[in-house]
Amino acid sequence: MSILLVDIGNSRIKWTLNRDEHAVAHGAHLLGEAKSFRTAIVNLARPERVIACNVAGETGQEALSAAVSAWGLVPQWVTASREAHGVINCYAIAENLGPDRWAALIAAHAMGLGETLVVSLGTAMTVDWLRANGEFAGGMIIPGLRLMREALAHGTEGVGYQQGKISGFACSTADAVEGGLACALSGALRQARQTVIDATRHAPVCLVTGGDGAWLAALLDFPVVLAPDLVLQGLALMARGNEH
């Protein structure tokens, strides 16, 4: 069976075409350049199913629906549920959990890493605590790099944004901004990690994904596992579980 798996974020569309559970094509495109996505998949062999998670609202939905319409297919949109694939959702209203976070939690649980922080740094940074028994114990949502930079650029008169370097207490505005962003995001993750350690007496595995995940990992003084395609891995598991 061939399945097109699509992860539509606030900034990018990532996809992979799986045939018999093996990736045969993949790509990533800016959300604002949906035409490049359509161009990339138009010559692919028609899949039997299209499964997607979307956090970009109507923009994302329209981009994918238009791209696959030539195949006569309608995407299957993933939503979070109370329990699936061994993961238990703690949200009071289960479907309010972002589908990308849900897919990432399912992929993380399948790895069997024990207590895990599932960290995604893209437009926003999410830090989700997955217990060893599969319970999603809750999460955090923090503005990501781009949102923080835009907030400073549009919300202040003298800061704006110029590319800087990370260097403790900085001696230029550009470096001060870059150092502040690094401190805010890495510090949030350190605090989340310490909260888990205080509760369990064990350090969790930090599983990091998202477009800026590697940037974050380089700032940390504790080990992390990079998993750039974690959401797509989760979608693949969900697709496999729904084949029969």
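Keep in mind that the numbers below use all heavy atoms, side chains included, and drop hydrogens, waters and symmetry copies.
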What's the verdict on side-chain contact (heavy atoms from CB on, under 4.5 Å) for Phe37 and Leu64, showing C-alpha distance, side-chain angles and the deciding distance?
-> CA-CA 9 Å; Phe37 169 58; Leu64 180 57; 3.7 Å; yes
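- The minimum heavy-atom distance between Gly139 and Asp128, with the atom names listed, is CA-OD1, 3.3 Å.
- The line from CZ of Arg149 to NE2 of His154 is 13.0 Å long, rounded to the nearest 0.5 Å.
- Taking the side chain to side chain contact (heavy atoms under 4.5 Å, CB included) definition, one finds that Ala23 meets it with Thr16, Asn18, sequence neighbours left out.
- Other residues, nucleotides and ligands contribute only 12 or fewer heavy atoms inside 6.0 Å of the CZ atom of Phe169.
- Between atom CD1 of residue Ile106 and atom CG of residue Leu235 there is a gap of 8.5 Å, rounded to the nearest 0.5 Å.
- With hydrogens and angles disregarded, no donor-acceptor distance shorter than 3.5 Å links the side chain of Lys14 to the backbone of Gly9.
- The line from NE2 of His85 to CZ of Arg240 is 9.5 Å long, rounded to the nearest 0.5 Å.
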I'd like a table of donor-acceptor pairs (distance under 3.5 Å, sequence neighbours excluded) in which one partner is a side-chain atom from residues 89-100, with atom names and distances.
residue : atom : partner : partner atom : Å
Asn89   : OD1  : Tyr91   : N            : 2.9
Asn89   : ND2  : Ser81   : O            : 3.2
Asn89   : ND2  : Ala94   : O            : 3.1
Tyr91   : OH   : Arg101  : NH1          : 3.1

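- Annotation: side chain of Arg193 is not in contact with side chain of Thr195 (no heavy-atom distance under 4.5 Å).
- Residue pairs meeting the side-chain hydrogen bond (donor to acceptor under 3.5 Å, both in side chains) criterion with at least one partner in residues 31-46, sequence neighbours excluded, are His29-Ser36.
- Of all the heavy atoms in Arg49 and Ala239, the pair that sits closest is NH1-O, 3.3 Å.
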Check against side-chain contact (heavy atoms from CB on, under 4.5 Å), Trp15 and Leu5 = CA-CA 6 Å; Trp15 60 273; Leu5 306 169; over 6 Å; no
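- For CZ of Arg19, the number of neighbouring non-hydrogen atoms (other residues, nucleotides, ligands) closer than 6.0 Å is 12 at most.
- Atoms CD and CG, on Glu48 and Leu73 in that order, are 9.5 Å from each other to the nearest 0.5 Å.
- Considering all non-hydrogen atoms of both residues, Trp71 and Ile41 come closest at CZ2-O, 3.3 Å.
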Run the numbers on Leu4 and Val6 for side-chain contact (heavy atoms from CB on, under 4.5 Å), then give the verdict.
-> CA-CA 6 Å; Leu4 179 65; Val6 187; 3.8 Å; yes
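- Rounded to the nearest 0.5 Å, atoms CG (Leu220) and CG (Leu185) are 10.0 Å apart.
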Which atom pairs, one a donor and one an acceptor, fall under 3.5 Å between side chains of residues 107-124 and the rest of the protein, sequence neighbours left out?
residue : atom : partner : partner atom : Å
His109  : NE2  : Gly86   : O            : 3.4
Glu115  : OE1  : Trp129  : NE1          : 2.8
Glu115  : OE1  : Arg131  : NE           : 2.8
Glu115  : OE2  : Arg131  : NE           : 3.0
Glu115  : OE2  : Arg131  : NH2          : 3.3
Glu115  : OE2  : Ala132  : N            : 3.3
Thr116  : OG1  : Gly114  : O            : 2.8
Thr123  : OG1  : Ser11   : OG           : 2.5
Thr123  : OG1  : Arg146  : NH2          : 3.4

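- Leu189 and Leu219 fall within the same hydrophobic cluster, where Ile, Leu, Val, Met, Phe, Trp and Tyr residues are linked whenever their side-chain heavy atoms come under 4.5 Å apart, directly or through other members.
- Contact between Cys206 and Pro223 at its shortest, heavy atoms only, is CB-O, 4.3 Å.
- Applying the side-chain hydrogen bond (donor to acceptor under 3.5 Å, both in side chains) rule to pairs touching residues 198-215 yields Gln194-Asp198, sequence neighbours excluded.
- Both Val78 and Phe136 are part of a single hydrophobic cluster, where members link through side-chain heavy atoms under 4.5 Å apart.
- Each of Leu232 and Val68 belongs to its own hydrophobic cluster when Ile, Leu, Val, Met, Phe, Trp and Tyr are linked at side-chain heavy-atom distances under 4.5 angstrom.
- Linking ILVMFWY residues whenever their side-chain heavy atoms come closer than 4.5 Å, directly or via other members, places Leu237 and Trp102 in the same cluster.
- In terms of heavy atoms, Gly60 sits closest to Leu31 at CA-CD1, 4.3 Å.
- Under the 3.5 Å distance criterion, the side-chain polar atoms of Asp20 are matched with a main-chain donor or acceptor of Met1.
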For Asp221 and Arg190, run salt bridge (Lys or Arg N to Asp or Glu O under 4.0 Å): C-alpha distance rounded to whole Å, both residues' side-chain angles, the deciding distance at 0.1 Å, then the answer.
-> CA-CA 9 Å; Asp221 53 4; Arg190 286 190 181 93; 3.5 Å; yes
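- Counting only residues at least two apart or in different chains, side-chain hydrogen bond (donor to acceptor under 3.5 Å, both in side chains) contacts with residues 56-68 are absent.
- Linking ILVMFWY side-chain heavy atoms closer than 4.5 Å, directly or via other members, places Ile88 and Leu130 in two distinct hydrophobic clusters.
- Under a 3.5 Å cut-off, the side chain of Gln76 and the backbone N or O of Ile51 do not form any donor-acceptor pair.
- Contact between Ala176 and Ala170 at its shortest, heavy atoms only, is N-CB, 3.3 Å.
- A donor-acceptor pair under 3.5 Å links the side-chain atoms of Ser172 to the main chain of Asp175, judged by distance alone.
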